[in-house]
2 protein chains.
Amino acid sequence: MTDPVAQKFRPQQVTRPRDQVEQQIREAILTGQFAQGEKLPAETELAQQFGVSRPTVREALGALVSAGLIRKSPGVAGGSFVNVVTPDSLSQMLKESMDTILRLGALDVGELTSVRRMLEVPAAEWAAKNRQDSHLDTLQAIVQKQRDTTINDPAIPSYDLAFHTTIGHASGNRLLAAFIAAVHDSTHPAQYLEVTEEVGRRTVKQHMAILRAIESGEAETARDAMASHLDYVLQYSLGIVRSE
Amino acid sequence: MTDPVAQKFRPQQVTRPRDQVEQQIREAILTGQFAQGEKLPAETELAQQFGVSRPTVREALGALVSAGLIRKSPGVAGGSFVNVVTPDSLSQMLKESMDTILRLGALDVGELTSVRRMLEVPAAEWAAKNRQDSHLDTLQAIVQKQRDTTINDPAIPSYDLAFHTTIGHASGNRLLAAFIAAVHDSTHPAQYLEVTEEVGRRTVKQHMAILRAIESGEAETARDAMASHLDYVLQYSLGIVRSE
DNA sequence: GATCAAACAATTGTCGTACAGATATCATAC
DNA sequence: GTATGATATCTGTACGACAATTGTTTGATC
């Protein structure tokens, strides 16, 4: 009675209870069975539904927290809530991963800055094409703050980060924006060691040039302005790294 | 007796035992106190050292496993081992995150392909400059397989992935390679729906052109060849997506 | 009746312990 | 010498209990 076309007996790899629970909840979230922001059942209830113990449920939930899919809070109104997942969370996670790999020496700042250039130059070009008023307002406000600030303002690096990430958003490509934010943030430490007054002023001027090009929609000009700005800044920060 | 320069009393936010354990172990790994591949003490021993219970240690270790810093295995010779962290692990994590964000609709394939183009075109250029024999051998082997294969070979997409990621590695930029692998992999599902024979043959031809340019070190040629290849492939795959 | 403080309740966080499952090593039998 | 089985040791799972956290409700007080 052996069917020649019969499927070969292929035992399915046994899966641990903890993994099954994690997979089922993850799938339920991804398929929208739990809406974003919705509260999952309490741990004891989940344990009962799955027929496992509470520690097992907790381990599964912990993995989902690490993955950024849910968040937990204690207290009577607490519980596990489905996170609103955006490219921002990807950016956050990416930044953390890159930081650890940097610290472990499996990556150097030169590689980071090269990629940064590949991303930010096209971003400026796209931003000039797709810009919207809200982004222009934000960029103008940032540049204004940079002009007003003094050399000792500890917020200088955050202005720079805001300028570049806003251009990322203005490009209209959410993935590009997330990558730029993450990569920019990871190059930060090397960058704001000792910003001299001269460097600060030139940076602001370059930012203004980029902003003008984006405002007037001149894509090529914006691209070139960003390229020379990055050439200036990155060469400068690499110089610092090398001279340590 | 109040010192005018005295630090304001800033209570340090209390941290949960679980977080303290996680932070300490993470820091010990990042500072090299545990070498890569080394085995951490057993859970019971860690619990004793930290003065907490074993479940608490387990939750901390679980978070580190999710972060990719360690791996665990049961059995007598098992335990928690420090992972060898490479840009490959970043690539893996990035791919997973992008896949979930894609499924949740906070990203579309068009954004993905744009970024892919930004990364792969410069990668080809760099690969032509920094190429090494090992990468050339790999690329030649892949292209050879692509020429030999038939239209129904289920491994076709994996050849394509291998070709493009190898170029990423050949660029000499490990972060770039990781990004390319992740982004390419996430665009995959859209791409290998119904690859017609015609498309398959043109793709292989374009791959050969790119490989020739890289072999001979013609950076501009390689860049242009990659650009037109991606224009062809991505427009084609986007067409499929749209026509669904 | 309004306001504020204290008790309450629900949920997660931590603990202790026990046992089951997995797996490399070692001893034993053939 | 090889294969089989016992063993030791680690992680995985379980159960039950208590502590910590925090929104809600209730009660006392003015």
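Lettering of chains follows the sequences in order, A, B, ..., and the numbering in each one begins at 1.
When rounded to the nearest whole Å, the span between CD of B/Q20 and P of C/dG13 equals 15 Å. Atoms CD (B/Q48) and C1' (C/dT17) sit 15 Å apart, rounded to a whole Å.
The six-membered or imidazole ring of A/H164 lies near that of A/H207, with a centre-to-centre distance under 6.0 Å.
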Inset, instruction - Encode nucleotides 12-20 of chain D as B, S and - characters from 5' to 3', where the letter depends on protein heavy atoms closer than 4.0 Å: B to the base, S only to sugar-phosphate, - to neither. - result: BBBB-B---

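Looking at B/I101 and A/T86, their side chains never come closer than 4.5 Å, going by heavy atoms from C-beta outward.
In this structure, B/R147 has no salt bridge (charged side-chain N to carboxylate O under 4.0 Å, His left out) partners at least two apart in sequence or on a different chain.
Note on B/D99 versus B/R103: no salt bridge recorded, every NZ/NE/NH1/NH2 to OD/OE distance being 4.0 Å or above. In this structure, A/R174 pairs ionically with B/D108, as a charged nitrogen and a carboxylate oxygen lie closer than 4.0 Å.
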